[in-house]
Amino acid sequence: MNDLPEFEIAGGWIKACRGQKNIVDPQKPYALLVEKERTASGVVEDVGIIFLTNKECPYHCLMCDLWKNTTDQTVPEEAIPNQIEWALNHLPAVKHLKLYNSGSFFDKNAIPEKDYQRIASLVSSFKTVIVESHPGFINEGCLRFRDMIKSDLQIAIGLETVNIEVLKKLNKRMTLEDFAASVNFLLENDIFTRAFILLRPPFLSESEGVFWAERSLDFAFNSGVECCVIIPVRAGNGAMDKLFETGIFSPPDLRSLEKVLEYGIEQQAGRVFADTWDLKLFSKCDKCLEDRTNRLIAMNLSQQFISRIKCTCDTL
Ligand code: SF4
Ligand SMILES: [Zn+2]
């Protein structure tokens with residue numbers, strides 16, 4: 001593990017490294033998309049994702065760039081249901097819906113609680129509704145929302161890494177005990193959890209990055225998580241770029257993502273997905289990028305091992 005940077009990694013420094021936010025409209029989601037996902041019942045189905053525009057998350061995690069598409073103030077009441085209504089009019093018919101809000105769905109400064117009822121009536125026809133939350137916002141409020149929707153509710157939580165020292169430096173302000181307690185509380189209340197796991201956060205070498213991502217998968221499933229998503233860490237939020245310049249952070253190799261996905265699927269402990277967005281950032285070889293990307297997508301959808309790609313870059 002690399003030596004610590006000389007500066008103190010805290011919210012103030014992380015914020016000071018940022019550039020400008022994007023201009024967003026509180027009445028419109030900032031993005032919409034449909035992706036295929038293997039569901040818990042083993043079929044591949046389309047999932048709609050609505051990226052809601054709302055107030056910035058109060059946590060300032062070292063690796064997070066989600067603040068870019070947020071507002072400084074709480075959006076007006078009705079804005080979030082208006083965004084969802086607008087999005088549903090623009091999305092094709094899908095059975096599952098992710099409402100991702102660049103923070104915590106249960107943060108009342110992000111999503112006013114008065115909006116829950118209208119949100120619930122808009123999303124009740126979906127089989128599954130997936131929202132995200134930091135453990136700091138997981139409480140009885142989740143159950144009130146669960147009771148309003150007819151869909152299965154799943155909550156995505158960033159576990160990030162089980163390397164305790166690195167987790168502290170990420171400024172997540174969450175312990176592994178907090179994570180496990182939230183998963184347990186949700187499970188006891190019939191709410192499934194998915195965990196986001198970072199591949200090679202700062203301070204770790206390539207092999208340490210793989211090791212800790214695998215241990216994080218083990219921890220998540222042992223805690224009762226139903227599904228894990230492995231996210232290769234990238235620069236781009238200011239703070240991470242500074243750590244890149246000083247050698248404290250290097251993005252992981254695409255082949256490490258393949259390795260961790262293989263490991264996760266082999267455990268047969270639950271669904272494991274690799275985040276396949278913009279994988280060219282992690283590839284040093286143009287010859288095999290497309291094949292490796294297609295392999296990861298096929299493994300995500302089949303949850304089966306698929307033969308490895310052979311390429312001259314294997315020996316590098
Ligand atoms: S809790 Fe999540 S959304 Fe909030 S800063 Fe951390 S990573 Fe970003
Ligand atoms: Zn190659």
Side-chain angles (χ1 to χ4, degrees), residues 9-18 21 24 30-31 49 51-72 74 98-111 130-138 155-161 166-176 178-179 182 193-199 201-202 216 229-240 253-259 275 279-296 307-316:
I9 291 183
W13 179 80
I14 294 166
K15 280 185 85 175
C17 296
R18 289 176 172 182
K21 286 184 175 182
V24 288
Y30 70 87
I49 312 180
F51 295 91
L52 296 167
T53 302
N54 63 189
K55 185 174 193 261
E56 180 184 328
C57 175
Y59 297 94
H60 301 114
C61 298
L62 178 61
M63 68 296 174
C64 183
D65 62 0
L66 294 170
W67 51 267
K68 287 184 180 175
N69 293 299
T70 60
T71 56
D72 293 338
T74 301
K98 292 177 181 167
L99 295 175
Y100 283 174
N101 70 311
S102 307
S104 297
F105 186 87
F106 301 103
D107 170 3
K108 294 181 181 57
N109 287 318
I111 313 246
I130 304 162
V131 300
E132 55 189 352
S133 185
H134 185 286
F137 293 108
I138 291 181
I155 299 182
I157 310 178
L159 168 59
E160 322 301 0
T161 179
V166 175
L167 182 60
K168 265 194 213 138
K169 290 193 224 319
L170 293 180
N171 197 39
K172 181 92 189 175
R173 289 183 277 156
M174 173 195 86
T175 64
L176 298 185
D178 295 334
F179 176 88
S182 290
T193 313
R194 71 173 54 197
F196 295 130
I197 289 171
L198 300 178
L199 173 61
S216 302
V229 184
I230 310 152
I231 302 177
V233 178
R234 65 194 76 220
N237 70 349
M240 293 294 290
D253 192 295
L254 182 54
R255 291 167 300 182
S256 298
L257 183 60
E258 294 182 270
K259 209 180 276 181
D275 178 12
L279 289 181
K280 63 178 178 306
L281 287 177
F282 309 102
S283 168
K284 293 177 190 73
C285 175
D286 290 342
K287 277 191 280 180
C288 59
L289 170 62
E290 196 181 337
D291 287 348
R292 289 187 195 280
T293 302
N294 289 338
R295 175 175 186 249
L296 285 167
S307 312
R308 296 196 179 117
I309 306 299
K310 290 191 176 53
C311 182
T312 46
C313 67
D314 287 336
T315 52
L316 298 180

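For ligands, and for the atoms within them, numbers begin at 1 and follow the listed sequence.
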Looking only at non-hydrogen atoms, the one of Ser104, Gly136, Pro135, Cys64 nearest atom 8 (Fe) of ligand 1 is Cys64
Nearest-contact summary for atom 4 (Fe) of ligand 1 - protein heavy atom, Å: Cys57 SG, 2.3 Å
Please examine the side chains of Lys21 and Trp67, heavy atoms only from C-beta on, and report whether any two atoms are closer than 4.5 Å. yes
Can you see which heavy atom on Cys61 is nearest to which on Ile14, and at what distance? O-CG2, 4.0 Å
Is the shortest side-chain heavy-atom distance between Leu62 and Trp13 below 4.5 Å? yes
Kindly give the heavy-atom pair with the smallest separation between Phe179 and Pro135, and that separation in Å. CA-CG, 4.3 Å
For atom 5 (S) of ligand 1, find the nearest protein heavy atom and state the residue, atom name and distance (0.1 Å precision). Tyr59 O, 3.1 Å
For ligand 1, is any non-hydrogen atom under 4.0 Å from Ser102's backbone (N, CA, C, O), its side chain (CB onward), both, or neither? backbone
What atoms of ligand 1 come closer than 4.0 angstrom to any heavy atom of Gly103? 3 (S)
Whether Cys61 has an N, O or S atom under 2.8 Å from atom 8 (Fe) of ligand 1: no
Pick one of side chain, backbone, both or neither for how Lys172 approaches ligand 1, counting any non-hydrogen atom pair under 4.0 Å. side chain
More than 12 heavy atoms of other residues, nucleotides or ligands under 6.0 Å from NZ of Lys108: is that the case? yes
Kindly give the heavy-atom pair with the smallest separation between Arg292 and Cys313, and that separation in Å. NH2-SG, 3.6 Å
